[in-house]
Amino acid sequence: MLEEELEIVKNKCLNCQKCSLAKSRTNVVFSGGTANSKLVLIGEAPGYWEDQKGEPFVGKAGQLLDKIFECVGLSRKKDVYICNTIKCRPPENRDPLPEEKTACREYLDAQLEILKPKIILLCGRVALNSFLENSGGITKVRGKWFDGPYGSKMMPIFHPSYLLRNDSREKGSPKWLMWQDIKEIKKAYDEL
Ligand code: URA
């Protein structure tokens, strides 16, 4: 049922010509993971490998994301639905433009309306700004719970690309903070 509803939105998205990214994309990247999940992660936009394969988070950042979930016993295939704020790759991986985000928003909104997740993770600055404008920035609000759509709990977390650029695991480092956040997320997930 959920899958069928999502499939209708996906088919519309695969044929989308609403912004100029339609001309440069190889593949539309609609979603990954499982629709049977209480947990949705929203990333930024497809990168090179995602554009090639038509799946979100399959490059280096995605591999790290899988490891982070695995650390607390969550698997991408069985426990998480993954999507992005926009579904086509911006050239040279630049930030999505406001008009691209606006054009693509209907697909993200439809995904959330169909799934009605209990927990939404806003992965990185772009996803954060799509839901919580003027929040003060990812470093300030990561790890905090906010009220999200459809009665969900929403938490901003660091983007794995940022963690790849920051190697330290010292107390207070981005990787250490992510470890605190993923434990808190798993606790909330187990309580659902
Ligand atoms: N970064 C993102 O935000 N999303 C992807 O799908 C891949 C990399």
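Side-chain atoms are counted along with the backbone in the values below, which use heavy atoms only and exclude waters and symmetry mates. Counting starts at 1 for both ligands and their atoms, following the listed order.
Checked by atom type and distance alone, the side chain of Asn93 never pairs as donor or acceptor with a backbone atom of Gly47 at under 3.5 Å. Distance alone, capped at 3.5 Å, is enough to place a donor-acceptor pair between the Ser37 side chain and the Leu39 backbone.
Every heavy atom of Glu55 sits 4.0 Å or more from the atoms of ligand 1.
Contact annotation for Glu44 and ligand 1: heavy atoms of both the backbone and the side chain come within less than 4.0 Å of the ligand.
Minimum interatomic distance between Leu115 and Ala35 (heavy atoms only, all atoms of both residues): CD2-O, 3.3 Å.
In this structure, Lys87 fails the cation-pi test against Tyr107, since its NZ or CZ atom is not both closer than 6.0 Å to the six-membered ring centre and inside 45 degrees of the ring normal. Judged by a 6.0 Å distance limit and a 45° cone about the ring axis, Lys38 is not positioned over the six-membered ring of Tyr81.
Scanning Pro96, Ala45, Gly43 for the heavy atom closest to atom 5 (C) of ligand 1 points to Ala45.
In terms of protein heavy-atom proximity, atom 1 (N) of ligand 1 is nearest to His159 NE2, 3.2 Å. The nearest heavy-atom contact from the protein to atom 4 (N) of ligand 1 is Asn84 OD1, 2.8 Å.
The shortest N or O to N or O distance between Ala61 and ligand 1 is not below 3.5 Å.
Asn84 contributes atom CG, which lies 9.0 Å from atom CD1 of Ile42 (distance to the nearest 0.5 angstrom).
Applying the 4.0 Å criterion to heavy atoms of Pro56 picks out, from ligand 1, the atoms 6 (O).
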